[in-house]
Amino acid sequence: MSSPSEHIAALRKSYERAELSEDASHADPLAQFDQWLAEAIAGQVPEPNAMTVATVGSNLRPSTRIVLVKGYDARGIVWYTNYESRKGLELAGNPYAALQFHWVELERVVRIEGRVEKTGEGESDAYYASRPLDSRIGAWASPQSQVIPGRGVLVANAARYSAQFMLNPPRPPHWGGLRLVPDEWQFWQGRKSRLHDRLRYRIEAGTWIRERLAP
């Protein structure tokens with residue numbers, strides 16, 4: 001029986017769903033992102049707000065993980081996490097990251113780069129309070145990215161914090177929002193014959209410059 005690795009080189013897909021032109025795209029990358037995300041939601045793409053976050057540690061090794069974007073506006077892209085996790089510690093030492101959305105069904109990719117900062121405490125408190133109770137307890141129960149001897153640690157922690165806080169757990173001091181402030185966006189639309197559309201927006205003197213990149 002052959003293995004998948006023997007067949008991956010032969011996998012092919014023709015991208016023919018849409019196009020992305022300078023004339024039909026927005027001058028503001030946030031408006032373009034807003035349109036594409038709305039279309040991903042309307043198209044019932046699975047978890048359209050899921051994005052990859054890439055950070056770089058002090059050892060210069062990059063790492064990636066999937067998180068869910070929970071808000072965006074002119075200030076940037078927001079997600080929430082444990083500040084003591086690997087990504088939290090890496091961003092504390094090197095506050096730059098890259099984000100990527102991949103909407104496979106729409107043959108689209110959005111890449112965003114920029115500086116990352118913590119959201120205000122009030123913003124983090126408000127989002128934390130909106131979460132289901134189990135998720136709020138989970139923020140206390142999981143020492144994210146740390147080695148644990150087994151799942152029983154998480155279950156025991158959840159039971160302990162549930163008993164301690166009952167229905168009103170406060171936001172953990174080590175948990176809150178992160179906001180990436182973009183200085184570069186890229187929008188990629190798959191096209192036939194691998195001649196994909198790829199538009200980059202970069203900030204220059206406070207103005208977004210839109211330019212086409214070879215795919």
Under 3.5 Å, sequence neighbours excluded: what are the donor-acceptor pairs made by side chains of residues 146-159?
unit_1: Asn157; atom_1: OD1; unit_2: Arg160; atom_2: NH2; d: 3.4
unit_1: Asn157; atom_1: ND2; unit_2: Ala141; atom_2: O; d: 2.9
unit_1: Asn157; atom_1: ND2; unit_2: Val153; atom_2: O; d: 3.4

Answer yes if the ring centres of Phe101 and Phe33 are under 6.0 angstrom apart, and no otherwise.
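Ring-ring flag for Phe101/Phe33: true, centres closer than 6.0 Å.
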
Ring centroids only, cut at 6.0 angstrom: are Trp175 and Tyr128 within range, meaning strictly under it?
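Aromatic pair counts; centres sit under 6.0 Å.
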
Determine whether Val67 and Tyr80 satisfy the following criterion, side chain to side chain contact (heavy atoms under 4.5 Å, CB included), listing intermediate values before the conclusion.
CA-CA 8 Å; Val67 304; Tyr80 293 85; over 6 Å; no

Which atoms form the tightest heavy-atom contact between [X] and [Y], and what is the distance?
{"X": "Pro182", "Y": "Gly76", "value": "CD-CA, 3.9 Å"}
{"X": "Ala40", "Y": "Leu106", "value": "CA-CD1, 3.6 Å"}
{"X": "Met166", "Y": "Ala163", "value": "SD-O, 3.6 Å"}
{"X": "Leu99", "Y": "Met51", "value": "CD1-SD, 3.8 Å"}
{"X": "Asp28", "Y": "Leu30", "value": "OD1-N, 2.9 Å"}
{"X": "Ala27", "Y": "Tyr201", "value": "O-CE2, 3.4 Å"}

Under 3.5 Å, is there a donor-acceptor pair linking the side chains of Ser25 and Arg210?
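The criterion, which ignores hydrogens and geometry beyond distance, is satisfied for Arg210 and Ser25.
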
Examine the side chains of Tyr72 and Asp34 and answer whether a donor and an acceptor come within less than 3.5 Å of each other.
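Per modelled atom types, Tyr72 and Asp34 side chains form a pair under 3.5 Å.
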
Is the charged tip of [X] near the ring of [Y]: under 6.0 Å from the six-membered ring centre and within 45° of its axis?
{"X": "Arg115", "Y": "Tyr96", "result": "yes"}
{"X": "Lys118", "Y": "Tyr83", "result": "yes"}
{"X": "Arg108", "Y": "Trp36", "result": "yes"}

Assess the residue pair Glu90 and Thr55 against the criterion (side-chain hydrogen bond (donor to acceptor under 3.5 Å, both in side chains)); give the C-alpha distance rounded to whole Å, side-chain angles, the decisive distance to 0.1 Å, and a yes or no.
CA-CA 7 Å; Glu90 288 184 346; Thr55 57; 2.4 Å; yes

Tell me whether the count of non-hydrogen atoms from other residues, nucleotides or ligands lying under 6.0 Å of CD in Gln164 goes above 12.
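Buried by this count: over 12 neighbours within 6.0 Å.
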
Step through the shown structure and confirm whether more than 12 heavy atoms of other residues, nucleotides or ligands are within 6.0 Å of CD on Glu121.
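Check fails, neighbour count at 12 or below.
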
Between Glu211 and Arg200, is there a salt bridge with N-O shorter than 4.0 Å?
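Salt bridge present between Arg200 and Glu211.
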
Please check this pair: side chain of [X] against backbone of [Y], looking for a donor-acceptor N/O pair closer than 3.5 Å.
{"X": "Gln32", "Y": "His26", "value": "yes"}
{"X": "Ser130", "Y": "Tyr127", "value": "yes"}
{"X": "Asn49", "Y": "Val69", "value": "yes"}

Trace of the side-chain hydrogen bond (donor to acceptor under 3.5 Å, both in side chains) decision for Ser63 with Arg65:
CA-CA 7 Å; Ser63 62; Arg65 71 286 290 162; 2.9 Å; yes

Which of parallel (below 30°), tilted (30 to 60°) and perpendicular (above 60°) describes His196 and Trp188?
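Answer is tilted, since the angle falls between 30° and 60°.
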
Quick one: do Val109 and Leu213 end up in the same hydrophobic cluster if we chain Ile, Leu, Val, Met, Phe, Trp and Tyr together by side-chain heavy atoms under 4.5 Å apart?
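No, no single cluster joins them.
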
Determine, stepwise, if the pair Thr64 / Thr52 fulfils side-chain hydrogen bond (donor to acceptor under 3.5 Å, both in side chains).
CA-CA 6 Å; Thr64 65; Thr52 299; over 6 Å; no

Would you please test Tyr161 and Trp140 for ring pair (Phe, Tyr, Trp, His ring centres under 6.0 Å) and show each step?
CA-CA 7 Å; Tyr161 286 115; Trp140 283 96; 5.4 Å; yes

